[in-house]
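Numbered from 1 within each chain, the chains take letters A, B, ... in sequence-line order. Below, all heavy atoms of this structure are taken into account, side chains as well, without hydrogens, waters or symmetry copies.
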Number of protein chains: 2
Amino acid sequence: MTDVARAAGVAIGTVSNVLNHPDKVAPATLERVQGAIAQLGFVRNTNAQQLAAGRSRSIGLVVIDISNSLFVDIARGAQRYATELSMNVLVANSDNRIDQQRADLDFFDGARVGGILLAPMEDAGDDVARIRTHGRPTIMLNYDTGRNDCCQVLVDNEEVGYLAARHLIEIGRTRLAFVGGRDYLQPVALRRRGVRRAVAEENGRVTLQEIPTENLDPPGGLRAGEELAPQVRDGRLDGVIAVTDLLAMALIQVFGAEGIAVPGDVAVMGCDHNSAAWGGMIPLTSVQMQGIDMGREGVRLLLAELGEDPATHEHVTTVLRPELVVRESTVGRSAISAASV
Amino acid sequence: MTDVARAAGVAIGTVSNVLNHPDKVAPATLERVQGAIAQLGFVRNTNAQQLAAGRSRSIGLVVIDISNSLFVDIARGAQRYATELSMNVLVANSDNRIDQQRADLDFFDGARVGGILLAPMEDAGDDVARIRTHGRPTIMLNYDTGRNDCCQVLVDNEEVGYLAARHLIEIGRTRLAFVGGRDYLQPVALRRRGVRRAVAEENGRVTLQEIPTENLDPPGGLRAGEELAPQVRDGRLDGVIAVTDLLAMALIQVFGAEGIAVPGDVAVMGCDHNSAAWGGMIPLTSVQMQGIDMGREGVRLLLAELGEDPATHEHVTTVLRPELVVRESTVGRSAISAASV
DNA sequence: TTGAAAGCGCTAACAA
DNA sequence: TTGTTAGCGCTTTCAA
């Protein structure tokens, strides 16, 4: 910056003003300094800037698994909104490791970012508390701490399950199964509850069986599929809600191999609109998790919290409404325009 | 840090030594200072540290599209290796926008990271040159500038095409088609060349037709599939190489809808082992692009360049060998153990 | 409107 | 082995 000042024949403080308060600088000087900046290819040192200014234009985003498309969407949404506000989002991927997640949080803490967005897998209460101690707001994405100890952006996972079950019921399916996971995972428990509610509303006209699986990966789906296939043939089952798209795709694979038609014999749908399950033979009906909105809203809440007095700040929780995405696996090809592929 | 010094009853320089040169500190003092650090929950300010030290323990990774699993793998590989070296990788996603890519590069330049890994979509020569001017090494991943103006890590894309075609030939397919894109995309041109070479080696025993598509997305694959389906029925085609996995999945989808058996009537394979195409009805044979290795090698080259005198540094290009991944879409279920699902 | 100078929190050379 | 101190590149008063 000293070089720029010399080249433009002004003092270093003026260069700083050109960068930070261009309105406080005479037009002629401004132009001269900007010329020098361009000429020298000057890029200001963010470290020094942050150190001197004591504030940051960066936001740290820590996601537990970047290979899940929900988190990619969150990153995208956060990034786009931050760009609009001329802020920056840095992404750290914890690669499904809880110790890495802690390291990522500490890194951003050390970098003195303005705030942190955290999309965790499990509870990270201690880490968040520590970082908050340092005066850095942290927003939780897609995870309900249940403690009202930070702002949160959630999707109404019970509504996810409800929407899924309603959809199957509305297309005339009456013998349903809910496949997936175990209730210690927050989203599983909530989606299950929503499914039950939708079924209960039908006063016995619709039946529901629940098939837990060891985990949420395709192999679990294959086993569940083998268990369910005979029921489909016997007419005891005509609609399946898998708690994740990956599970749904695995089920469809098994049904296909067993000669069962989807959605003819059985409609199958997922619940998290995961692009890792796209491109399959049968496009999957699912429920959109609003990742883009989640990232965007996270940034918004973060900035709101940054703008408030920490002493009086009240944590807010934004709950997003999920949306049904209807594709072939429940209604068949006929009902969908070719354009939607 | 002043607080830590006071709490431990030492000078601030000693705290710095504890952090940076623990061997230069008496064990008793060391323990006392570390105690104070833990007690106060002190996290050192990376900005100040980098400013004072003039070097950085961070690496910036700029990827053009984080929703492509190759780039996710690259990030993972880079991250894991950097962690081993107690360095940090920050990821910026350019979201397929070239101006965002430039902004990302400038951001890392401003943050004075140790070096930059760039996995670009198109040429970014100007930007890289500018950043290099600032003395920051930049390594190109998965893109050959053809100018030997920086270190590069590439996959032998001609070999990708060759491996793909060899595989189909080895399982007895003789009437092949290469589907995909246009040659202005580097990987497409190279893979096509590899396919041609494999076919040429068969001295006319194998035929090859080439079907360009408008882009590399599923819709392009649907159109190509409709063009090819009649040929399969006539027996004029028994093996297809799609230049991307997404294209391959779209082809399989069309063939399925037309009642054509894969791989019975026609074997179909992709070329980039993209997880966005997993979970489909028919697991896809493809060619592994070694993303993890690419990220890892990128970090290695970066550190090597950082360790050398810039004046004498010679750019190196590492070319990774792709690997065939055989799954059902070319050899059927029988040939694969159920475990591989 | 511009210039001068005091720090931001840390590192590293040097002195004790 | 520990303490002292001069910057690192910038922002931001305050004075001119």
Side-chain angles (χ1 to χ4, degrees), chain A residues 1-37 40-58 86 88 106-114 134-136, chain B residues 1-37 40-58 86 88 106-114 134-136:
Chain A
M1 211 155 107
T2 320
D3 298 342
V4 175
R6 188 170 32 233
V10 297
I12 183 171
T14 304
V15 178
S16 176
N17 275 332
V18 169
L19 259 17
N20 301 308
H21 311 283
D23 48 308
K24 308 245 172 224
V25 175
T29 321
L30 199 148
E31 198 168 338
R32 197 147 37 91
V33 173
Q34 285 172 336
I37 289 177
L40 276 66
F42 167 76
V43 178
R44 106 160 152 289
N45 186 328
T46 329
N47 294 305
Q49 161 169 261
Q50 287 192 21
L51 185 58
R55 54 189 149 59
S56 166
R57 301 209 63 76
S58 297
S86 56
N88 254 291
D106 280 343
F107 174 83
F108 285 134
D109 197 17
R112 302 298 190 266
V113 295
H134 303 164
R136 207 169 317 292
Chain B
M1 210 154 109
T2 320
D3 297 344
V4 175
R6 189 169 32 234
V10 297
I12 184 173
T14 304
V15 178
S16 176
N17 275 331
V18 168
L19 258 18
N20 302 307
H21 312 283
D23 47 309
K24 308 245 173 224
V25 175
T29 320
L30 199 147
E31 199 168 337
R32 198 147 37 90
V33 173
Q34 284 172 337
I37 289 178
L40 274 65
F42 167 76
V43 177
R44 102 161 154 288
N45 185 328
T46 328
N47 295 305
Q49 163 170 256
Q50 287 192 21
L51 186 57
R55 54 190 150 57
S56 165
R57 301 210 63 76
S58 297
S86 56
N88 253 291
D106 279 344
F107 174 83
F108 284 134
D109 196 18
R112 303 296 191 266
V113 294
H134 303 163
R136 208 169 315 292

Boundaries of the DNA chain C segment in contact with chain A, non-hydrogen, under 4.0 Å: C:dT1 to C:dG9

Nucleic acid contacts - residues 11-19 of chain B versus DNA chain C, non-hydrogen atoms under 4.0 Å: B:Gly13, B:Ser16

Results of salt bridge (charged side-chain N to carboxylate O under 4.0 Å, His left out) for A:Arg32 - residues two or more places apart only: none

NE2-OG1 distance between A:His21 and A:Thr14, expressed to the nearest 0.5 angstrom: 12.0 Å

Qualifying residues under side-chain contact (heavy atoms from CB on, under 4.5 Å), relative to A:Ser58, sequence neighbours excluded: A:Gln50, A:Ser56, A:Asn88, A:Val113, B:Phe107

DNA chain C contacts made by residues 23-31 of chain B, counting heavy atoms under 4.0 Å: none

Value rounded to 0.5 Å, distance of NZ in B:Lys24 from CG in B:Leu30: 13.5 Å

Interface with DNA chain C, restricted to residues 107-114 of chain B and to heavy atoms under 4.0 Å: none

Selection residues 14-23 of chain B - residue pairs positive for salt bridge (Lys or Arg N to Asp or Glu O under 4.0 Å), sequence neighbours left out: none

Minimum side-chain heavy-atom gap A:Val18-A:Glu31 below 4.5 Å: no

Contact summary for A:Val25 and A:Thr29, nearest pair of heavy atoms: CG1-CB, 3.8 Å

B:Leu51 side chain reached by B:Asn47 side chain, heavy atoms, under 4.5 Å: no

Student check: side-chain heavy atoms of A:Thr2 and A:Val15 closer than 4.5 Å: no

Residues in contact with DNA chain D, drawn from residues 43-56 of chain B - heavy-atom cutoff 4.0 Å: B:Leu51, B:Ala52

Rounded to 10 degrees, the angle between the two terminal axes of the helix from C:dT1-D:dA16 to C:dA16-D:dT1, each from five pairs: 40°

Non-hydrogen side-chain atoms of B:Thr46 and A:Arg112 separated by less than 4.5 Å: no

Can you list, pair by pair, the side-chain donor-acceptor contacts under 3.5 Å of residues 3-12 of chain B, counting residues two or more places apart and other chains?
from: B:Asp3; atom 1: OD1; to: B:Arg6; atom 2: NH2; distance (Å): 2.9

Start and end of chain A contact along DNA chain D [non-hydrogen atoms, under 4.0 Å]: D:dG9 to D:dT12

Donor-acceptor contact present, side-chain B:His134 to main-chain A:Val43, <3.5 Å: no

All salt bridge (charged side-chain N to carboxylate O under 4.0 Å, His left out) counterparts of A:Arg136, not counting sequence neighbours: A:Asp109

